[in-house]
Amino acid sequence: MLHKLLLLGAVLLAPVLPAAAQTSAAPDPSRITLVIHGGAGTITRQNMTPEKEKAYTEALNQALQTGYAVLKRGGTSLDAVEATVRFMEDSPLFNAGKGAVFTHDGRNELDAAIMDGQTLKAGAVAGITVVRNPITAARTVMEKSEHVMLMGPGAEQFAREKGLDLVDPSYFRTEARYQQLQKALAAEKGAVPDQLNTPTQKPAAPAPAKSKVKLKAGKPGSYAEPPIFTEGRKYGTVGAVALDQYGNLAAATSTGGMTNKRYGRVGDAPIIGAGTYADNQTCAVSCTGWGEYFIRSTVARDIAARMEYGHAPLAAAAQATLDKVAKLGGDGGLIGLDRQGNFTMPFNSEGMYRGYIKADGQTQVLIYK
Ligand code: ASP
């Protein structure tokens, strides 16, 4: 009887619910899928040691197992992506949480976003320095505020009021990332800090005579690379997309941004529709790469839009959008997942830390092309 009443209620309510909210399906544990990335960039066999490769492979596997355990016991995709990203934030290997890259001023400023594909609710934080797990701060913004994005001291005050785990800013520091900043600062010295010339612009002015750093001359359709960002381009941002047994998608991304960033720079990761997006009707996406290009190409939403309006399949949509990024001169990669459990992990950099786990526990972790 109760069952019939619930069914009647659902039928009566269906026409008034927003499209995305109608899409929860009957539980089916065989559809659970989790896909992750640990950043794209200049990751090649040549600049990898066996120890480093082992450490990354293990960490990626553990991240997958963390989220899989949540999905397996009937947890939601939101819970799974948050748990997975938290694990990666706590690992010093990735550019998120502990192990984040340094700003020009020698600080760690963190960005993160999360999105629920069932409700299209989203939460994000930018430029925070004392919250141990920025992804949890993003989720708290989504669930416990009426806003989508909070930044800087305000976001930190919010996190404090909500009782999140706070740390001293020095918690995020690792020596490897600090050395990356020193290299970037050295490269920057004497070079023209020109920014992001688009193909339609002339190449940047040549560096002053005494500079040892040469800007890449802008080939037609290319760009001159500003050395403030290009030294050691291993982006290392982390992200996860998941499909739970209820048929709901979620996406999460967390990052320290790019080495040597300044002026309160915010990348694509916390921007809904750029680095992070999820909609049950189309897909869940998390990006990594040169954020400015991903923002300008509204990458995550562009993929969803190709699926929504053009009915493109996920992999084709993702590749077409990434090609747009490349055309502008940007590099990086992304992970995408649809409601049928199809997923894609394209990138146009040398490598991308990535992996997936399916319902039966079948797992794969990849690093290179
Ligand atoms: N996309 C990030 C940003 O631009 C960097 C990364 O992927 O590591 O902030």
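Just so it is clear, the structure is predicted and the values come from calculations on it, not from any experiment. Computed over heavy atoms, backbone and side chain alike; hydrogens, waters and symmetry mates excluded. Atoms within a ligand are numbered from 1 in the order they appear, just like the ligands themselves.
Under the 3.5 Å distance criterion, with hydrogens and angles disregarded, a donor-acceptor pair is assigned to the side chains of Gln179 and Glu175. No side-chain N or O of Glu109 forms a donor-acceptor pair with one of Thr103 less than 3.5 Å apart. No hydrogens or angles considered: a donor-acceptor pair under 3.5 Å links the side chains of Asn280 and Asn248. When only modelled atom types and interatomic distance are considered, Gln319 and Asp323 share a side-chain donor-acceptor pair under 3.5 Å.
Under 4.0 angstrom from ligand 1, there are no non-hydrogen atoms of Met352. Residue contacts with ligand 1, taken as heavy atom pairs separated by less than 4.0 Å, involve Asn95 solely via side-chain atoms from C-beta onward.
A salt bridge links Arg306 with Asp302: the closest approach of a Lys/Arg side-chain nitrogen to an acidic carboxylate oxygen falls below 4.0 angstrom. The pair Arg296-Glu292 does not count as a salt bridge, with every side-chain nitrogen at least 4.0 angstrom from each carboxylate oxygen.
Using a non-hydrogen distance threshold of 4.0 Å, Gly289 registers as a contact of ligand 1. Ala269 does not count as a contact of ligand 1, since none of its heavy atoms falls under 4.0 Å from the ligand.
Less than 4.0 angstrom separates some heavy atom of Gly257 from each of these atoms of ligand 1: 5 (C), 9 (O). For ligand 1 and Thr288, the ligand atoms under 4.0 Å from any heavy atom of the residue are 6 (C), 7 (O), 8 (O). Close contacts of ligand 1 with Gly236, meaning ligand atoms under 4.0 Å from a residue heavy atom, involve 8 (O). Short contacts between ligand 1 and Asp268, defined as distances under 4.0 Å to a heavy atom of the residue, involve ligand atoms 1 (N), 2 (C), 3 (C), 4 (O). With ligand atoms numbered from 1 in the order given, ligand 1 contributes 2 (C), 5 (C), 6 (C), 7 (O), 8 (O) to contacts under 4.0 Å with heavy atoms of Thr237. Atoms of ligand 1 lying under 4.0 Å from at least one heavy atom of Gly267, given by number and element, are 9 (O).
Checked by distance only, ligand 1 and Asp111 stay at 3.5 Å or farther apart across all their nitrogen or oxygen atoms. On a distance-only criterion, Gly291 and ligand 1 share at least one N/O pair closer than 3.5 Å. Checked against a 3.5 angstrom limit, the closest N/O atoms of Trp290 and ligand 1 fall outside it. Polar contact check, Glu292 against ligand 1: no nitrogen or oxygen pair lies under 3.5 Å apart.
For the residue pair Met345 and Leu366, the shortest heavy atom distance occurs at CE-CD1, 4.1 Å.
Below 30°, between 30° and 60°, or above 60°: for Tyr353 and Phe94 the angle between ring planes is above 60°, a perpendicular geometry.
Looking at heavy atoms from C-beta onward, Leu110 lies out of side-chain contact with Val131 at the 4.5 angstrom threshold. The shortest side-chain heavy-atom distance between Met48 and Tyr368 falls under the 4.5 Å cut-off.
Across His37, Glu109, Arg265, heavy-atom proximity to atom 9 (O) of ligand 1 is greatest for Arg265.
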